[in-house]
Q: 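Submitted below is the structure of interest, expressed as structure tokens.
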Amino acid sequence: MQTLRGIPVSAGFVIGKVFVIEDEARLRVKKRDIDPANVPAELERYDFARMASISELNDLHQTAADEMGKEAAKIFLFHIGVLNDPSILTPIKKMIEDEMVNAEYAISSTFDTISKKFANHPDSTFQSKVDDLRDLASRQLRNLETNQKISIANLDEGTVIVARDLTPSQTAGFDRTKVAAFVTALGGPTSHTAIVAGALNLPAVVGVRNLLSQASDGQRIIVDGEKGRIILDPDEETIDQYHQAQLRARQVSLSLHEYAELPAITADGVHITLLGNIEFAQEIDQVINDGGTGIGLYRTEFLFLTRKTEPTEEDHYQAYSECVKQLKGKPLTIRTIDLGADKYTQEQEENPERNPYLGLRSIRYCLAHQDIFRTQLRAILRASAHGPIKVMFPLITNIAEFRTGKYFIREEMEELDEQGVAYDKDIEIGMMVEVPAAALMAGSFAREVDFFSIGTNDLVQYTLAVDRTNERVASLYTPIHPAVLKLIRDVARAGRRNDIPVSCCGQSAADPAFAALLLGLGVRTISATSSSLPMLKKTIRGLTVSRCERIAKKAISFDSEAEAGSYVQSRLRKLVPEVFDGRPVG
Ligand code: PEP
Ligand code: MG
């Protein structure tokens, strides 16, 4: 039995079996020891990759022969010959059998050795073949990945996905009936993998050191999404303890459910609006069930991340109309696509950015890809004919970005008018406050926007200069830092003075203690993952706004986040012990 620690990002307990997702970089370089019993399976993987590569090369040979003639196509026959050559197959197979290593390592090291021999050969004919050999090694490695994709499609129930890192699209793409939890070696508390795991209601732990050297396929694992730890090969006693913990968690969730039905009113009678964050239309049902009165953040970039091709206007329109239909008159806040940073399909980008969090992301990306942006805006406007929709732009940093976005909306409206297409002429247009520049200038922005939505995930990252996805600096990622609280206070103040609503939709809003601070700082709308809504309601109903204001005022006055955190924790523990006992703050 072995316990590894990481960062808890999505609560819950799972007892399941490990499935390791290999990433390409690791496939290429990492040597992995194979259990003697798994050697035949590893040989089969190698054969699968080799035969799949030969079949691809046969196709290429045929196409090249048709298009360029038999002579030019000969190169592919050479490639096929290499893959069938016993002087190459034999050492690869022997290496898997004798050294009991993974097929990736056996292929790449054997091809490496041969490539070096070719490169050092005095005859230039050999030297000229070095690139072909490297290409052949890559082709087989790619096919080993395909082989892995096939096994991903056939996962067993209760599978725990273990990976170095997962892209949002990978996380969203797993079969939810089979995958029970995620564990990654990289990532921080608000990385998008964490967000998607929360949306899918699956426990997740990220930033687990030594994960990949310790976990292997088929191993028994316990994922503790509360404490942020995993246990490999747990003994029977530990399994039993976690079975009990699962039962208790189920009971707590059932007892919290009664709050879903009750209004979100503080003990001194202030109405708070509680909304849900979603990435997919299918989550709406759960938001409503958990007591949400609408959607405060729809992360529409997931329409891009979950498919290979760019969504059409119709794809957008269908998705938004579906949300409106399910919401039955409750409001839907659509955030225009927030691609970039860790929500790139980086491989789509021919030139990956050196520093993508400070790069062409969010509204900047949209303004640089106007066709994509306008397609989305038209679809949003068309869907607004069917129910209450608001639209907001992510990562606004200067007023010109907001004005340009709004100008595009006006232009699309004019076109729709000309075509006689219906839409909501009074659609509200707001912005996310996610960078300190926007928070500091909130007074100016407030004169032009219809609403603010504070995105603490990014606001914390940019205020404290801490990459939200980097597990090495995760302990520095502290939403309760007085600098962050001051920025939130200023945004709420600007909203009040200009009579525009201010909401908060970052992950920290799901934390009851942070939510209490938000109320104290003047925020009256909270949007969070659906599973957190019942607990938030319980917290709101147990507190008064005046008390929250006093706590927030004091928290903001501390010099450090540590002092602010322990003060808030001790106050809230006294006020609502049933919520805060044993719960860390910030
Ligand atoms: C945020 O930054 O707080 C936010 C809600 O946006 P995202 O997490 O999608 O970047
Ligand atoms: Mg953000």
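In each ligand, atom 1 is the first atom listed, and ligand 1 is the first ligand listed. This is a predicted model, so every value here is computed, not measured.
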Q: Using a strict 4.0 Å cut-off to heavy atoms of Gly506, name the atoms of ligand 1 that fall inside it.
A: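 It comes down to these atoms of ligand 1: 3 (O).
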Q: Using a heavy-atom cut-off of under 4.0 Å, does the side chain or the backbone of Ile454 touch ligand 1, or both, or neither?
A: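 The answer is neither.
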Q: Would you say that more than 12 heavy atoms from the other residues, nucleotides or ligands in this model lie under 6.0 Å from the NZ of Lys554, or not?
A: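 12 or below, so no.
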Q: Using a plain distance cutoff, I'd like to know if Gln507 has any nitrogen or oxygen under 3.5 Å from a nitrogen or oxygen of ligand 1.
A: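 Checking ligand 1 against Gln507, no N or O pair falls under 3.5 Å apart.
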Q: So is Arg176 actually on top of Phe280's ring, under 6.0 Å and inside 45° of the axis?
A: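 Cation-pi check for Arg176 and Phe280: passes.
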Q: Start with the C-alpha gap between Thr266 and Thr544, add the side-chain angles, then the distance that decides, and say whether side-chain hydrogen bond (donor to acceptor under 3.5 Å, both in side chains) holds.
A: CA-CA 5 Å; Thr266 60; Thr544 60; over 6 Å; no
Q: Taking N or O atoms only and a 3.5 Å limit, does Glu301 qualify as a polar contact for ligand 1?
A: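 N/O-N/O distance under 3.5 Å: no.
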Q: Can you tell me if Ile195 contacts ligand 1 (heavy atom of the residue under 4.0 Å from the ligand)?
A: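 Heavy atoms of Ile195 do come under 4.0 Å of ligand 1.
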Q: For atom 2 (O) of ligand 1, which protein heavy atom lies nearest, and how many Å away is it?
A: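 That would be Glu434 OE2, 2.8 Å.
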Q: Show which atoms of ligand 1 fall inside a sub-4.0 Å distance from at least one heavy-atom site of Cys505.
A: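 So the answer, numbered in order with elements, is 5 (C).
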Q: Which atom name would you report as the N, O or S atom of Glu434 nearest the Mg ion (ligand 2)?
A: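 The Mg ion (ligand 2) is closest to the Glu434 atom OE2, counting only N, O or S.
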Q: Just which atoms of ligand 1 are under 4.0 Å from any heavy atom in Leu297?
A: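 Within the 4.0 Å cut-off of Leu297, ligand 1 contributes 5 (C).
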Q: Walk me through it: do Leu186 and Thr469 pass the test side chain to side chain contact (heavy atoms under 4.5 Å, CB included)?
A: CA-CA 8 Å; Leu186 303 185; Thr469 62; over 6 Å; no
Q: Is there a donor-acceptor pair closer than 3.5 Å between any side-chain N or O of Thr529 and the backbone N or O of Ser532?
A: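 Checking the backbone N and O of Ser532 against the side chain of Thr529, no donor-acceptor pair under 3.5 Å is found.
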Q: Record the part of Thr190 in heavy-atom contact with ligand 1 below 4.0 Å; permitted values are side chain, backbone, both and neither.
A: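 No part of Thr190 comes within reach of ligand 1.
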Q: So that I can check it, does any N, O or S atom in Asp458 come closer than 2.8 Å to the Mg ion (ligand 2)?
A: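 It does: Asp458 brings an N, O or S atom closer than 2.8 Å to the Mg ion (ligand 2).
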Q: Are Phe445 and Phe452 close enough that their ring centers fall under 6.0 Å?
A: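 They do not qualify: ring centres at least 6.0 Å apart.
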Q: Determine, for Glu549 against Arg489, whether the closest basic-nitrogen to carboxylate-oxygen distance falls under 4.0 angstrom.
A: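 Looking at Glu549 and Arg489, the cut-off is not met.
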Q: Looking at Asp338, which atoms of ligand 1 are within less than 4.0 Å of one of its heavy atoms?
A: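 Atoms satisfying the 4.0 Å criterion: 9 (O), 10 (O).
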Q: Should the pair Arg374 and Phe408 be classed as cation-pi, given the thresholds of under 6.0 Å to the six-membered ring centre and 45° from the axis?
A: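 Judged by the rule (NZ or CZ under 6.0 Å from the ring centre, within 45° of its axis), Arg374 counts as positioned above Phe408.
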Q: About how many Å separate NZ of Lys330 and CG of Leu275, when rounded to the nearest 0.5 Å?
A: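 Leu275 CG to Lys330 NZ: 11.0 Å, rounded to 0.5 Å.
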Q: Taking atom 6 (O) of ligand 1 as the point of reference, which of Met432, Arg468, Arg335 owns the nearest heavy atom?
A: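 Residue with the shortest heavy-atom distance to the ligand atom: Arg335.
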